[in-house]
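Letters A, B, ... mirror the listed sequences (proteins, then strands); counts begin at 1.
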There are 2 protein chains.
Amino acid sequence: MAKTLGLRKNPLKDERETAFKRAALRVFSSKGYHKATMQEIALEAGFGKGTLYWYWKSKEELYFALIREMHEEFLRLVGEASKRNGSALDKLTWLGEEIVELYYRDRDFCKLSWKMRAEELETFSPQYVEELYKYIQQTKQELKRIISQGIEEGVFPPFDAYYLSCMLLGLVEGMEIQWLEDSQAFDLRKGMGLALEMLKSFQKLGMNKIV
Amino acid sequence: MAKTLGLRKNPLKDERETAFKRAALRVFSSKGYHKATMQEIALEAGFGKGTLYWYWKSKEELYFALIREMHEEFLRLVGEASKRNGSALDKLTWLGEEIVELYYRDRDFCKLSWKMRAEELETFSPQYVEELYKYIQQTKQELKRIISQGIEEGVFPPFDAYYLSCMLLGLVEGMEIQWLEDSQAFDLRKGMGLALEMLKSFQKLGMNKIV
DNA sequence: AGCTTTAGACCTACCGGTCAGTCTTATATT
DNA sequence: AATATAAGACTGACCGGTAGGTCTAAAGCT
């Protein structure tokens, strides 16, 4: 009875799964969803196509397994930043550095994330789209919390916190795009550094005094 | 060979071309390049598939006809802003309003532009990609010119003008994304207005004094 | 033996692009 | 005006390639 209590029957299963996921990440991020083929992903992982279908039941499911992981990671970062002690500026500095760290650690990860946003949401099944939407909403919510604190502390002007969140997110995403398109011309670390430096100046000037 | 009996030029050619292009814009912008089919575009325009191939020799060529038009329009706007008389703030205000105007006038246009950026450039023929790249470079160049002026006038801190261009572009694109994903939650006109208001405050504060 | 895992041939649907043929219309001729 | 003619405009069946997904036989493990 106690034979396989709570244990995986196949200890290789996890290993295989991550092997497939790594391969999928590489292929999806370089070719995009439509151009990537299941055949190629399977071969990249060193298996046959049939095996890939033994682990995931469709291309879409495999894709969203990656997307989900990514959004969880990002949401975790923003949430952690929000829960930290310290000023909004401290939180944002920490968050900015963590994001840069995350992106440099896995550029494919970042590339896929970016393609996903533009990828035709119309083409995916509703339940996946909805799930994704929830992640984005939550992320914005956490960010908004930090921004609100920042308004009180004079880092941001006293504008609508939601709009400021969108603008800040836009800034980060915009820089991300530049970096992905040509990392020679635009260094994300430097860009993020400049943005944070600007924020520090804003606090010195006291942005909350702005009408 | 007989001279020119029954010679017939097509007075409807322009009309047809624009009909096809409008249809293509609708289909491409809602489904993305890969999911869109030539059949659907042709039917949407009210013709058979073969006719579409009478006007364009491939799907890719049709797609880039749209992309080209779009980039020309955007580049024209930025160039015109740069050549205007007045302060950098004036130029940016004018440009911001024109961009909002352009986007509201044709949301599909905007949607396609956004999808294009993320679309797998690896999948298109090199000559098209190169052409596109030139448009983007030129646009950045013009924008940088305005930013440089802005630094002198105290609208921006004395940072690297190229990086500031990327950040400003990122801001606009980021807001554009928010708006496209949910125009109920995020009003682009309001977002752009807030951004411009912030710029005005920056000038009052004298951003060039920032270390 | 019996269960899990793997492989890749096979099936099927789809889509870009072609082409042989039809319809339409401007112009020349009568 | 009526007719003839040639080229332009248009069509949709068809072809070839491709790729998601299935099936099943073989191999491995307990």
Side-chain angles (χ1 to χ4, degrees), chain A residues 1-21 23-24 26-28 30-66 119-120 122-125 128, chain B residues 1-21 23-24 27-28 30-67 119-120 122-125 128:
Chain A
M1 44 141 291
K3 335 163 200 197
T4 53
L5 229 176
L7 291 177
R8 269 242 131 93
K9 280 177 200 154
N10 181 5
L12 290 173
K13 199 179 178 195
D14 281 347
E15 214 172 294
R16 295 277 144 86
E17 263 183 26
T18 57
F20 276 125
K21 279 202 254 186
R26 268 197 300 276
V27 178
F28 277 134
S30 79
K31 304 209 162 180
Y33 182 75
H34 293 288
K35 268 273 180 169
T37 74
M38 293 298 264
Q39 173 85 12
E40 189 179 350
I41 292 170
L43 290 180
E44 174 94 12
F47 292 90
K49 190 166 77 157
T51 312
L52 185 48
Y53 274 90
W54 196 83
Y55 286 90
W56 283 275
K57 76 174 201 300
S58 72
K59 186 183 186 182
E60 201 181 15
E61 194 178 280
L62 171 59
Y63 188 64
F64 271 86
L66 299 178
E119 200 91 46
E120 314 82 84
E122 295 91 342
T123 71
F124 295 116
S125 308
Y128 287 122
Chain B
M1 178 199 281
K3 326 143 215 220
T4 48
L5 265 183
L7 180 72
R8 182 182 161 217
K9 71 168 202 271
N10 184 9
L12 295 170
K13 194 179 178 206
D14 283 348
E15 213 171 296
R16 293 280 140 86
E17 266 183 20
T18 56
F20 277 125
K21 278 201 255 186
V27 178
F28 277 135
S30 79
K31 303 209 163 181
Y33 182 75
H34 293 289
K35 268 269 180 170
T37 74
M38 292 299 263
Q39 175 86 11
E40 188 179 350
I41 292 170
L43 290 181
E44 174 95 11
F47 293 90
K49 189 166 76 158
T51 314
L52 187 45
Y53 277 91
W54 173 263
Y55 288 91
W56 283 276
K57 76 174 202 297
S58 71
K59 184 183 186 182
E60 201 181 15
E61 196 179 279
L62 171 58
Y63 187 65
F64 272 87
L66 299 178
I67 298 294
E119 201 92 48
E120 314 81 87
E122 295 90 343
T123 71
F124 295 117
S125 307
Y128 287 122

Enumerate, atom names and distances included, each donor-acceptor pair closer than 3.5 Å involving a side-chain atom of residues 38-46 of chain A, sequence neighbours excluded.
residue	atom	partner	partner atom	Å
A/E40	OE1	A/K31	NZ	3.2
A/E44	OE2	A/R26	NE	2.5
A/E44	OE2	A/R26	NH2	3.2

Report task. Not counting sequence neighbours, which residues clear salt bridge (Lys or Arg N to Asp or Glu O under 4.0 Å) with A/K59? List them please. Result -> none

Report summary line: Those residues at least two apart in sequence (or on a different chain) that pass ring-ring contact (aromatic ring centres under 6.0 Å, His included) with A/Y53 are none

**Report entry** Integer-rounded Å distance: D/dA19 C1' and A/L62 CG
**Finding:** 15 Å

Report task. If the plane angle is over 60° it's perpendicular, under 30° parallel, otherwise tilted; pick one for A/Y63 and A/F28. Result -> perpendicular

Report summary line: Applying side-chain hydrogen bond (donor to acceptor under 3.5 Å, both in side chains) to B/K49 and not counting sequence neighbours gives none

**Report entry** Check: B/K21 and B/Y55 side chains under 4.5 Å, non-hydrogen atoms
**Finding:** no

**Report entry** Nucleotide nearest A/T37 (side chain, heavy atoms from C-beta), chosen from C/dG16, D/dA19, D/dG8
**Finding:** D/dA19

Identify each atom pair where a protein N or O and an N or O of nucleotides 7-11 of chain C are less than 3.5 Å apart, giving names and distance.
residue	atom	partner	partner atom	Å
C/dA7	OP2	A/G48	N	2.9
C/dA7	OP2	A/T51	OG1	2.9
C/dG8	N7	A/G50	N	3.3

Query raised in the report: C/dT5 P sits how many Å from A/Y53 OH, rounded?
Result: 19 Å

**Report entry** Whole-Å distance separating the CH2 atom of A/W54 from the P atom of D/dC23
**Finding:** 17 Å

Query raised in the report: Whole Å only: how far is the CD atom of A/E61 from the C1' atom of D/dG21?
Result: 13 Å

Query - Nearest-angstrom distance from the residue atom NE2 of A/H34 to P of C/dC14 - result: 16 Å

**Report entry** With A/E60 via salt bridge (Lys or Arg N to Asp or Glu O under 4.0 Å) - residues at least two apart
**Finding:** none

Query raised in the report: When you measure from the side chain of B/K59, which nucleotide among C/dG16, D/dG21, C/dT6 comes out closest?
Result: C/dG16

Query raised in the report: Atom CH2 of B/W56 and atom C1' of C/dG16: how far apart are they, to the nearest Å?
Result: 17 Å

Requested in this report: Mind checking B/A42 for me? I need base, sugar-phosphate or nothing, with any heavy atom below 4.0 Å counting as a touch.
Outcome: nothing

Report summary line: Taken to the nearest whole Å, CE/B/M38 to C1'/C/dT18 is 13 Å

Query - Interatomic distance where CD belongs to B/Q39 and C1' belongs to C/dG17 [whole Å] - result: 12 Å

